[in-house]
There are 2 protein chains.
Amino acid sequence: METPVESTRERLLNIAEQRFGEGGYEGTSLRAITVAAAANIAAVNYHFGSKEALLRAAVARAMAPVNTERRRRLDQLEARGAPTAEDLIRAFVEPGLDLVLRRGERGAVVARFIGRIAFDPSQRIRELYAAESDPIESRYLAALRAALPHAAPEAVAFGYVNMLGLLALHQSQALTPAPGGADAEVADTGKLAENLIAFLVAAFDRGLRS
Amino acid sequence: METPVESTRERLLNIAEQRFGEGGYEGTSLRAITVAAAANIAAVNYHFGSKEALLRAAVARAMAPVNTERRRRLDQLEARGAPTAEDLIRAFVEPGLDLVLRRGERGAVVARFIGRIAFDPSQRIRELYAAESDPIESRYLAALRAALPHAAPEAVAFGYVNMLGLLALHQSQALTPAPGGADAEVADTGKLAENLIAFLVAAFDRGLRS
DNA sequence: GCATAGTTCAAACGGTCGTTTGAATCAGAG
DNA sequence: CTCTGATTCAAACGACCGTTTGAACTATGC
């Protein structure tokens, strides 16, 4: 028989991140996923074990390159010593948005998936995402505190969660209800990352309690 | 018989906004709602017509006082002429967060409900929320553009969706996974609104593309 | 008291959910 | 070819979903 370019396992992961990103975890059935992936329903439990395990595998796979790139940038910045807040914000935001901007449709699917899962209504799902991005969180927070000595530590943490949230919202495209809307235009011009970074830099530099 | 302080209809709305706020629309069943409200399942379809109609009624009821207050503040600001960006941001954010801070537990439930529905995974639900808050959106955008003449109109719209998103995330408490975390501390001191407003004002004043 | 409209009730409807089963099919090694 | 382990398959499992039904109950006006 013809050799499929993607294994069943890969097709399931690809379709899962697409559908989960569109309808959320609760709003997407395994049957919808397996039909779209041209796989049997039992294949999910065979390859992953359960619906939640499929989600976990999809999150891990989607986050891996983002985490790697963030770690790499953070290492590089710290090697040079004393990164600015803008350096750090850029090192955090760009790996998340480059998915959308520089990898075509596939990247947009992954970004929407990540952004959606990060703020899923179910706390269980959110924790699943948080566990995947936690490892570098403390490093970022420490670097941000050092770069913003005038701001109180709690204020820096406040800024960090705002950055995390805004990035997720733009990744999930939940802010662009109408095609051709304001945000879509910004994204089309490839300036979304720059706009978001400028927005956040101003907020971090001058909008945090001291 | 004893007169219940709340009618079945009111109990359903109260429990609905609590449960929808906790688990999202898809993640909450009518049976869970009716059991908690001590009502029969058929009561939902009798009083509202369907699950989605129940959600619609809950959204409308929860948003009404927020919209009213925002309109009132906007009227007041425009009567005085030439409101600043901070005036406008404050007039938008405070009505949304006062729910949490100044109405006790009940207000926190309503705020979480609104914040969650605003960015529900399902676009259908998000549009349902947007329809409820649209009427004043264009007024706010126009006033913001006038207050920020140095910023491009698309940049102002970009800032507006960021404000909307950050407010919803803080309302939904999705940014506070662990009790006693950084954000909870900020909220406990009653300073969340001030911190968020300062964050947004700095971003609007200095973080928007011209 | 009796009719009437408003409300609640237990029960069931058809459908979909995630998961499991056990047989069928596959590819590769001996 | 035969054997073996990995993979796929149709089918069914019990549970839960939103919705509907028609009878029972409640309160109010006559």
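Letters go in sequence order (proteins before strands), and every chain restarts at 1.
When the ring-ring contact (aromatic ring centres under 6.0 Å, His included) test is applied to B:Y160, the partners found at least two apart in sequence or on another chain are B:F92. Residues forming a ring-ring contact (aromatic ring centres under 6.0 Å, His included) with A:F20 (at least two apart in sequence, or on another chain): A:Y25.
At distances below 3.5 Å, at least one donor-acceptor pair connects side-chain atoms of B:T28 with backbone N or O atoms of B:R19. Formation of a donor-acceptor pair under 3.5 Å by the A:E10 side chain with backbone atoms of A:S7 is found in this model. Side-chain N or O atoms of A:R126 include none that pairs as donor or acceptor with a backbone N or O of A:I117 at under 3.5 Å. In this structure, the side chain of A:N67 engages the main chain of A:E132 through a donor-acceptor pair within 3.5 Å.
For B:H170 and A:F158, the ring centers sit closer than 6.0 Å to each other.
Separating the CG atom of A:L12 from the P atom of D:dC9 is a distance of 11 Å, rounded to the nearest angstrom. Atom CG in B:N45 sits roughly 14 Å away from atom P in C:dT8 (whole-Å rounding). In this structure, B:R11 places its CZ atom 11 Å from C1' of C:dT8, rounding to the nearest Å. Taking atom CG of B:L55 as the reference point, atom P of D:dT19 lies 12 Å away to the nearest angstrom. Between A:F48 atom CZ and C:dG18 atom P the separation is 15 Å, expressed in whole Å. Atom-to-atom, CZ of B:R9 to P of C:dT8 comes out at 12 Å; the value is rounded to the nearest Å. The interatomic distance linking A:Y46 (OH) with C:dA24 (P) rounds to 18 Å, in whole Å. For B:E52 and D:dG18, the CD to C1' distance is 12 Å, given to the nearest whole Å.
Using a 4.0 Å cut-off, some side-chain N or O of B:H47 falls inside it from OP1 or OP2 of C:dT8. The side chain of A:T8 contributes an N or O atom lying less than 4.0 Å from OP1 or OP2 of D:dT8.
A heavy-atom distance below 4.5 Å is found between the side chains of B:P135 and B:R71.
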Could you go through nucleotides 9-11 of chain C and list every protein N or O atom that sits under 3.5 Å from one of its N or O atoms, giving the distance for each pair?
| from | atom 1 | to | atom 2 | distance (Å) |
| --- | --- | --- | --- | --- |
| C:dA10 | N7 | B:N40 | ND2 | 3.2 |

Could you go over nucleotides 14-17 of chain D and give all protein N or O partners under 3.5 Å, atom names and distances?
| from | atom 1 | to | atom 2 | distance (Å) |
| --- | --- | --- | --- | --- |
| D:dC17 | OP1 | B:S29 | OG | 2.9 |

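Atom CZ of A:R106 is surrounded by more than 12 heavy atoms from other residues, nucleotides or ligands within 6.0 Å.
Sorted by first and then second residue, the salt bridge (charged side-chain N to carboxylate O under 4.0 Å, His left out) pairs involving residues 22-49 of chain B (not counting sequence neighbours) are B:E22-B:R112.
Shown for residues 16-25 of chain A: no residue has heavy atoms falling under 4.0 angstrom of DNA chain D.
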B:R124 and B:L128: side chain to side chain contact (heavy atoms under 4.5 Å, CB included), yes or no, with the steps?
CA-CA 6 Å; B:R124 168 184 211 80; B:L128 198 149; 5.8 Å; no
